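Structure first, commentary second.
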Amino acid sequence: MGLRFLNTLRRELETFEPLSPGKATIYGCGPTVYGHAHIGNFRTFLFYDLVHRYLAWKGLRVRFVMNLTDVDDKTIKAAKAAGLTLSEYTRPYAESVIAESDILGIRRLERYPRATMYISEMLWLVGRLLERGLAYRTEDGSVFYDISAFPEYGKLSGTDLEAGRQGERVVDDDYGKDDVRDFALWKGVKPGDDEVGAAWDTPWGKGRPGWHLECSAMALSELGQTLDLHLGGEDLIFPHHEDEIAQSEGATGLPFARFWLHVKHLRVEGKKMSKSAGNFITVRQLLEEGVSPAAIRHQLISAQYRNDLNFTREGLEGSSKAVGRLLDFEERLAGHPVRPDAASTSLPALSDEAVASFTRSMDDDLNVSGGLAALFVFLNRTNTLLDATPALAESERNRALAVLASLDEVLGLLEVGHRARNVDGALEEWIEERIQARTRARSEQDWAAADAIRQELAGRGIVLEDGSAGTRWKVSPHNG
RNA sequence: GGCGCCGUAGCCAAGUGGUAAGGCAGAGGACUGCAAAUCCUCCAUCCCCGGUUCGAAUCCGGGCGGCGCCUCCA
């Protein structure tokens with residue numbers, strides 16, 4: 001299908017073909033729901049969305065699952081502090097991730113499994129790994145993975161275990177691990193865990209799952225033993241994904257994921273985002289400030305996922321303008337006059353070229369910058385053509401509109417932008433009435449009255465555009 | 001210390017051997033009652049030095065600068 005991804009597993013571009021023709025399975029590591037998701041999280045989720053949409057656009061039936069981690073050190077600690085149970089504490093955040101995803105136009109997924117719902121699958125995995133001699137129990141009721149028993153450990157991250165362990169005599173008093181690099185599959189119960197509902201009975205004592213185990217259990221049970229794609233942030237390559245591989249392949253004996261894609265961390269105003277740097281931004285905050293969802297979406301998808309992306313306020317303004325232009329373009333094209341006897345134009349060629357150029361870029365490891373460029377080249381050339389063409393053949397116009405809609409099935413910018421431009425019926429009636437009044441005033445050359453109405457509408461966030469075909473209106477971008 | 005990334009116009013960002021996409025901002029012009037939208041023109045030789053090559057932003061070497069991961073942070 002011509003689509004290539006940089007597979008972290010081999011660090012080179014590989015042509016993507018799903019294991020089962022026509023169908024793709026994807027697992028994306030989701031957030032830990034202990035607070036509101038930040039824009040960095042959403043760069044990642046929007047990247048997931050792009051993978052999801054693009055594969056669907058290419059004609060694949062995609063089964064995409066993203067987990068929500070609701071039991072780990074952070075959620076337990078926060079729940080304890082709040083005096084709530086784990087589920088009481090995490091539910092609002094789990095809901096807000098999905099609500100904000102909706103607002104940003106991220107397609108709903110097949111499932112959003114939550115770790116606490118997969119305890120039995122995890123126990124099965126742990127049992128299996130113990131059986132196969134890949135794990136061992138410790139005195140405190142924990143179970144650790146013995147990475148020395150999994151020779152392929154390190155293949156994803158390129159970690160050379162032997163080199164790192166030269167002369168190392170490890171004694172870890174806290175956990176009693178045989179080797180510092182061994183990781184917890186299951187953790188023995190700690191004081192307070194039970195009160196927040198973070199302890200489960202198991203054959204090896206009461207306890208709760210290790211973080212890495214959660215993803216393996218959810219991915220295997222939701223998507224089968226070998227996934228087509230496994231996605232995550234760059235920070236997860238080691239140890240999280242390395243550990244997932246060890247667990248999953250150790251248990252099944254089969255390749256866990258065929259392609260691993262990792263998205264680079266977002267920067268904010270040129271710096272790493274962190275609470276201490278004071279540049280920690282949540283999507284929730286931006287939305288409360290009135291920033292348009294389409295602008296957020298545009299900026300967060302504007303760079304290819306493996307490259308730096310610098311999130312800036314200035315850039316957000318630019319994104320807002322860019323999306324507004326796209327919306328204006330669509331309206332203009334849709335409203336352009338058609339005539340049965342219109343001469344043919346180069347519009348079909350421009351339409352074809354847009355799709356071809358877009359596909360070429362996106363096939364190249366999801367080069368969204370190139371994809372957006374293809375779209376804007378199409379916009380510019382088509383506008384030029386419309387300026388010079390009083391009326392189009394309907395088929396040509398519709399085809400161009402279909403191309404625009406098609407590209408947006410992947411980008412989702414018009415989709416999200418439309419929402420901000422919709423107004424309710426009552427307001428729309430009022431707007432139409434005012435426009436008619438203004439048109440009368442204009443026909444009488446009563447410019448003062450006409451301008452007064454323009455101002456009146458502007459006060460409600462409505463912008464008017466006088467054209468040869470009459471007056472059109474739209475919701476001001478600054479109100480969107 | 002280990003692994004890796006990046007350095008392209010005021011800002012964001014494509015391009016990885018044949019003489020610089022796109023977005024935003026800026027300047028000038030067209031159109032326009034005003035405005036909006038739109039169009040046209042202009043605005044970079046790609047951090048520095050050396051090398052390979054007929055030819056390099058693009059490959060190699062060396063600098064300088066910025067950044068990420070390696071701490072259950074996407």
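Only a predicted model underlies this, so the values are computations on that prediction, with no experimental measurement involved.
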Atom pairs under 3.5 Å: protein N/O with N/O of nucleotides 26-32 of chain B:
none

Which donor-acceptor pairs under 3.5 Å do the side chains of residues 376-385 of chain A make with protein atoms, sequence neighbours left out?
unit_1, atom_1, unit_2, atom_2, d
A:Thr382, OG1, A:Phe378, O, 2.7
A:Asn383, OD1, A:Arg332, NH1, 2.9
A:Asn383, ND2, A:Leu379, O, 3.4
A:Thr384, OG1, A:Asn380, O, 3.0

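Qualifying salt bridge (charged side-chain N to carboxylate O under 4.0 Å, His left out) partners for A:Arg107, counting only residues two or more places apart in sequence or in other chains: none. In this structure, the side chain to side chain contact (heavy atoms under 4.5 Å, CB included) partners of A:Ala135, at least two apart in sequence or on a different chain, are A:Leu129, A:Leu130, A:Val143, A:Leu185. Residues that satisfy the salt bridge (charged side-chain N to carboxylate O under 4.0 Å, His left out) test with A:Glu432, not counting sequence neighbours, are absent from this structure. A:Asp446 is linked by a salt bridge (charged side-chain N to carboxylate O under 4.0 Å, His left out) to nothing, counting only residues two or more places apart in sequence or in another chain. With sequence neighbours left out, A:Arg325 forms a side chain to side chain donor-acceptor pair (under 3.5 Å) with no residue at all. Under the rule for a side chain to side chain contact (heavy atoms under 4.5 Å, CB included), the partners of A:Lys155 that lie at least two apart in sequence or sit in another chain are A:Leu9, A:Glu152, A:Glu242, A:Ile245, A:Glu249. For A:Arg434, the side chain to side chain contact (heavy atoms under 4.5 Å, CB included) partners are A:Trp430, A:Ala437, A:Ile453, A:Glu456, A:Leu457, not counting sequence neighbours. Judged as a ring-ring contact (aromatic ring centres under 6.0 Å, His included), and not counting sequence neighbours, the contacts of A:His36 are A:Tyr93.
Taking a 4.0 Å limit (strictly below) on heavy-atom distances, residues 328-338 of chain A reaches RNA chain B at A:Asp328, A:Arg332.
Within 4.0 Å of A:Leu464, counting heavy atoms only, lies at least one base atom of the nucleic acid.
B:U52 makes up no base pair with any nucleotide shown, lacking Watson-Crick or G-U wobble contacts both under 3.5 Å. Within the shown strands, B:C67 is the pairing partner of B:G4 under the Watson-Crick or G-U definition, both distances less than 3.5 Å. Taking a pair to require two hydrogen-bonding distances under 3.5 Å in either a Watson-Crick or a G-U wobble arrangement, B:G10 pairs with B:C24.
When the nearest nucleotides of RNA chain B are assigned to A:Ala374 and A:Asp466 by heavy-atom distance, the more 5′-ward of the two goes with A:Ala374. Place A:Tyr34 and A:Ala322 on RNA chain B by their nearest nucleotides, and A:Ala322 ends up nearer the 5' end.
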Query raised in the report: Using a cut-off of 4.0 Å between protein heavy atoms and nucleotide atoms, how would you tag nucleotides 5-17 of chain B 5' to 3' with B, S and -?
Result: S----BSSSSS--
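Evaluation of A:His265 against the base of B:A74 yields a stacking contact (centre distance < 5.5 Å, interplanar angle < 30°).
Remark: A:Lys271 is not in phosphate contact with B:C67, judged by side-chain N or O atoms under 4.0 Å from OP1 or OP2. In this model, the phosphate group of B:C24 is approached by a side-chain N or O of A:Arg325 to a distance below 4.0 Å at OP1 or OP2.
Checking side-chain atoms of A:Arg297 against main-chain N and O of A:Leu104 turns up a donor-acceptor pair under 3.5 Å.
Ring geometry, A:Phe47 versus A:Tyr305: the interplanar angle falls under 30°, so the pair is classed parallel (tilted spans 30 to 60°).
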